[in-house]
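Here's the structure we're looking at; comments come further down.
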Amino acid sequence: MDLKYDPRAIEAKWQKYWQESGIFKVTEDPEKEKYYLLEMFPYPSGKIHMGHVRNYTIGDVVGRYKRMKGFNVLHPMGWDAFGMPAENAAIANNIHPASWTYENIAYMRKQLKQLGFSYDWDRELATCTPEYYRWEQWLFLKMYEKGMAYRKESFVNWCEPCQTVLANEQVEAGMCWRCGKAVRQKKLWQWFFRITDYADDLLLHCDQLPGWPEKVTTMQKNWIGKSAGAEIRFAVEDSPEMITVFTTRPDTLFGATFMCLAPEHPLVTELSKGKKEEKAVAGFVERMSMQDRSAKALESYEKEGVFTGACCINPASGRKMPVYTANFALMEYGTGAVMSVPAHDQRDFEFAQKYGMEIIVVVRPEDKDLDVSAMTEAYAEPGIMVNSGQFDGMENETAKEEIISFLESREQGKKTVSFRLRDWGISRQRYWGAPIPVIHCESCGIVPVPEKDLPILLPEDADILEGGRSPLPYIDYFSKTDCPRCGRTDARRETDTMDTFVESSWYFDRYCSPGCDSGMFDRKAVDYWMPVDQYIGGVEHAILHLLYSRYFTRVLHDLGLIDCKEPFTRLLTQGMVCKETTSCPEHGFLFPSQVKWQEGNPACTLCDSPVTVGRVEKMSKSKKNVIDPNALLEEYGADTTRLFCLFAAPPERDLEWSDQGVDGSFRFLNRIWRLTADWLDDIRNVAPYNDAPENLDDSLRELYRKIHETIRKVGNDIEDRFRFNTAISAVMELINLMYGVEKENKSAHTDAVMRLGIESAVILLAPMVPHFSEEIRAELGYRESILLAPWPEYREDALVKDELTIVVQVNGKLRSRFDIRADADEETIKEKALADEKVQKFIEGKKLRKVIVARGKLVNIVV
RNA sequence: GCCUGGGUGGCGGAAUAGGUAGACGCAAGGGACUUAAAAUCCCUCGGGCCUUAGUGCCCGUACGAGUUCAAUUCUCGUCCCGGGCACCA
């Protein structure tokens with residue numbers, strides 16, 4: 001055995017062996033229990049970053065562990081390959097999005113292989129290939145048939161100078177990131193998926209996902225946002241129009257004193273037409289269309305509105321209510337109209353004060369009356385009805401039902417529920433995405449592409465136009481086509497492409513039979529593998545990606561294509577990889593390699609200025625606080641890199657990068673290596689000890705127990721808790737103990753127990769540092785891959801202790817401890833504790849009030 | 001504003017059923033080996049107190065209360081930090 005641990009030689013050797021032996025290839029095997037392990041596939045952005053390394057390392061440990069436990073493990077990898085960065089790179093570097101993407105894939109695949117991940121590479125897929133997206137187009141057609149895909153008008157961020165649609169992240173403070181000019185909202189006809197049809201079902205099953213972090217299901221529930229209430233219709237004065245509102249507080253109807261419509265509400269323009277307010281209203285609507293509509297932006301705007309010139313009639317009180325249009329009313333939620341009850345809604349209260357609107361109290365606290373003139377805020381609590389006609393005196397919760405019945409009987413409203421969730425807009429006016437397979441015909445309207453014409457290929461000989469515009473509408477051979485229904489020769493192909501979340505909503509199904517060319521997937525394969533048993537990825541996908549995938553799985557289920565309804569049985573959301581930032585007054589943020597140490601202080605390598613060490617933040621290119629995995633692989637190898645990612649923090653928490661910590665992980669592997677090298681001659685031809693512990697002397701017996709305790713702990717930590725950090729520290733303790741074994745005083749079984757110890761340590765670490773473990777196991781004389789070795793089981797009899805240490809507290813404070821036979825009964829333990837010399841000092845002359853004995857651990861004496 | 005995590009030594013973290021706070025690692029200090037250094041191995045390592053230096057006492061898990069024989073762990077309140085968000089009518 002080489003005396004020095006040389007990861008580079010070892011890792012290349014075993015990676016080659018795994019690849020050539022095809023050991024990670026799997027097929028459906030009804031004899032074995034399946035385990036589908038999946039990590040979120042990466043966007044091929046250029047190279048692997050530490051977030052990927054962490055995510056995929058965690059997954060790999062689980063995959064290798066389950067494999068050793070005898071499961072048939074499906075562990076695939078692929079590429080989420082459509083998307084905007086490819087277009088941006090194309091513009092910046094004058095390279096085609098396709099070549100950019102495929103080059104990145106090739107490079108990143110190589111990096112993943114260097115990290116030793118146990119993927120079945122035969123199942124690799126890239127979503128930008130026609131073999132993949134043709135089935136997405138096929139599904140679109142099925143969804144269109146069912147009315148699950150439809151078109152409606154909605155808004156996009158539009159940059160006039162660039163003549164292009166912008167993503168939210170391309171809008172910076174209301175301005176276009178490219179030209180810096182103001183962005184406005186433009187209405188376009190776009191494609192949607194009817195996810196709201198499944199809102200109730202998606203919500204209901206949030207409580208049936210016990211393997212998901214509660215935080216994620218809670219976020220999903222809040223996102224779907226079901227609320228019960230009523231729709232109420234208000235007649236508009238001097239007009240045949242009605243305004244319909246949704247409210248969760250029908251009980252406060254008598255207190256509604258004005259109405260607010262969203263600026264985009266169709267009635268806004270109509271109601272103000274020909275009135276003196278018309279100009280002001282039009283100006284307001286125009287101004288609002290310029291505003292950024294994201295939640296955070298809206299948050300910062302002051303609440304404002306203008307009078308439309310029209311009034312409506314409160315169906316309960318008969319009161320005249322002025323109709324306003326206001327920036328806080330959202331067209332997307334409810335009906336786009338809000339009945340405003342200033343006495344019982346804080347936002348309405350503020351709005352009423354600002355514009356001098358009437359405030360009427362209709363719910364009072366049980367113990368007092370509310371005086372409008374003395375109110376400083378709205379009263380939103382439950383209470384007793386007042387000023388509400390026949391409903392006075394009721395509890396407001398009862399009044400909710402009563403008022404709804406009252407409205408229903410007069411056909412002025414009805415009970416209803418509303419969801420916060422909106423339909424999924426999938427249209428993107430972009431090039432690098434899957435074409436939506438429909439044709440627009442002057443005679444026939446929307447005509448779906450016939451199935452036999454799929455796939456609609458994305459032309460790959462086109463270039464992104466100036467300003468980032470999609471070339472698709474300008475490519476004649478693509479966009480000009482014949483109508484498949486009537487044959488008209490002037491039809492136009494749809495040039496919107498699909499949101500990339502569509503690809504990631506079914507890739508896990510495709511992995512089950514990635515080469516399938518007769519459908520989205522092979523039914524037998526998908527029924528065998530799905531659902532995913534363990535899904536692992538960043539918490540940033542907690543809502544959208546996971547919700548869309550759950551939705552797609554339901555759609556596939558209801559189309560009769562798949563058995564399961566929930567795609568992911570267990571979910572692990574891992575934390576971010578963070579590092580402190582470093583910056584120089586002259587050069588701004590610095591990469592770690594741009595910082596040198598001068599007399600114990602950090603300095604800039606470019607200008608020698610002292611460097612400021614900033615907060616620990618998520619690694620990001622813009623802050624330059626990044627570590628390049630390549631450099632780590634070069635210096636320490638894959639096993640050390642993996643080990644540190646696992647050891648530094650539990651998976652769901654953020655991980656703080658530490659160069660010295662990496663060094664420590666490397667030292668640990670070296671320590672095992674040396675221990676093995678040191679003992680190899682003694683243990684090479686010895687069988688690992690596997691007898692009763694009684695035949696061992698005290699210190700060996702202690703080691704034997706430690707070995708089995710470690711086996712138990714590592715298994716539990718991986719299996720139940722994904723606590724790789726504590727699993728590793730348990731093995732460290734075992735190694736530390738073995739370092740204390742002296743060869744000089746060897747007894748009959750020393751070699752056998754040492755062999756067991758080393759063998760166990762290595763096998764327990766095999767999922768985490770696979771190359772290292774394979775190598776040592778080979779040195780110990782095994783011919784087969786460690787992957788084929790069964791996961792070790794602990795012996796109960798080795799864990800048994802003759803003596804237990806009991807600690808003694810007096811009034812809850814630790815005062816003494818003693819050892820006692822493990823089979824001693826409670827009374828004996830109690831007596832021994834009371835008789836203890838140190839304990840005596842504290843209880844002498846005092847009255848014993850209580851003595852508590854806790855299961856073989858502790859005695860607490862209360863005096 | 002709403003939702004959601006989190007606060008434990010110089011640092012990352014541990015404490016799995018309310019029962020010995022600080023496992024393991026990093027950093028630091030000391031020692032051994034060496035001509036020397038590196039590497040390695042061993043020891044110390046939360047704070048304070050003491051004319052008994054100990055198998056000693058007190059304090060200590062963001063802060064303040066509470067429940068309990070016993071709280072890092074459970075309850076309530078406060079402060080601070082991170083993440084998400086589409087004004088939830």
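Heavy-atom basis, side chains included; hydrogens, waters and symmetry copies ignored. Letters A, B, ... are given to chains in the order of the sequence lines, protein chains preceding strands, and every chain is numbered from 1. Since this is a predicted model, take the numbers as computed values, not measurements.
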Quiz item: Taking only residues at least two apart or on different chains, which pairs with a member in residues 640-656 of chain A satisfy side-chain hydrogen bond (donor to acceptor under 3.5 Å, both in side chains)?
Solution: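 Output for this query lists A/Asp60-A/Arg642.
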
Nucleotide N/O of nucleotides 45-53 of chain B paired with protein N/O under 3.5 Å:
none

Using the test salt bridge (charged side-chain N to carboxylate O under 4.0 Å, His left out), find all partners of [X] that sit at least two apart in sequence or belong to another chain.
X: A/Arg712; result: none
X: A/Lys830; result: none
X: A/Arg674; result: none
X: A/Asp819; result: none

Self-check item: Parallel, tilted or perpendicular: ring planes of A/Phe328 versus A/Phe351, cut at 30 and 60 degrees
Solution: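 Geometry flag for A/Phe351 against A/Phe328: perpendicular rings.
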
Can you tabulate the close N/O pairs, meaning under 3.5 Å, that link protein atoms to atoms of nucleotides 41-44 of chain B?
unit_1	atom_1	unit_2	atom_2	d
B/C41	OP1	A/Arg671	NH1	2.7
B/C41	OP1	A/Arg674	NH2	3.2

Quiz item: Quick one: side-chain contact (heavy atoms from CB on, under 4.5 Å) partners of A/Gln660, sequence neighbours excluded?
Solution: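 Only A/Ser658 meet the side-chain contact (heavy atoms from CB on, under 4.5 Å) criterion with A/Gln660.
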
Quiz prompt | Partner set under side-chain contact (heavy atoms from CB on, under 4.5 Å) for A/Ser816, not counting sequence neighbours | solution =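 If we apply the side-chain contact (heavy atoms from CB on, under 4.5 Å) test to A/Ser816, skipping adjacent residues, the hits are A/Val808, A/Asp836, A/Lys838, A/Val839.
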
Quiz item: Taking only N and O in the side chain of A/Arg721, is any of them less than 4.0 Å away from OP1 or OP2 of B/A15?
Solution: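 Answer is yes, contact under 4.0 Å.
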
Quiz item: Looking only at side-chain N and O atoms, does A/Thr248 come under 4.0 Å of OP1 or OP2 in B/A89?
Solution: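 The answer is yes; a side-chain N or O of A/Thr248 sits under 4.0 Å from OP1 or OP2.
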
Quiz item: Which dot-bracket string fits RNA chain B when only Watson-Crick or G-U wobble pairs with both atom distances under 3.5 Å count, crossing pairs get [ ], and | stands for a partner on a different strand?
Solution: (((((((..(((......[....))).(((((.......))))).(((((...).))))..(((((..]....))))))))))))....

Interface polar pairs with nucleotides 81-83 of chain B, N/O, under 3.5 angstrom:
unit_1	atom_1	unit_2	atom_2	d
B/G82	OP1	A/Arg615	NH1	2.7

Practice problem: Strictly below 4.0 Å, heavy-atom distances to any atom of RNA chain B: list the hits from residues 809-817 of chain A, or just say none. | Solution: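 Hits under 4.0 Å, by residue number: A/Gln809, A/Lys813, A/Arg815, A/Arg817.
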
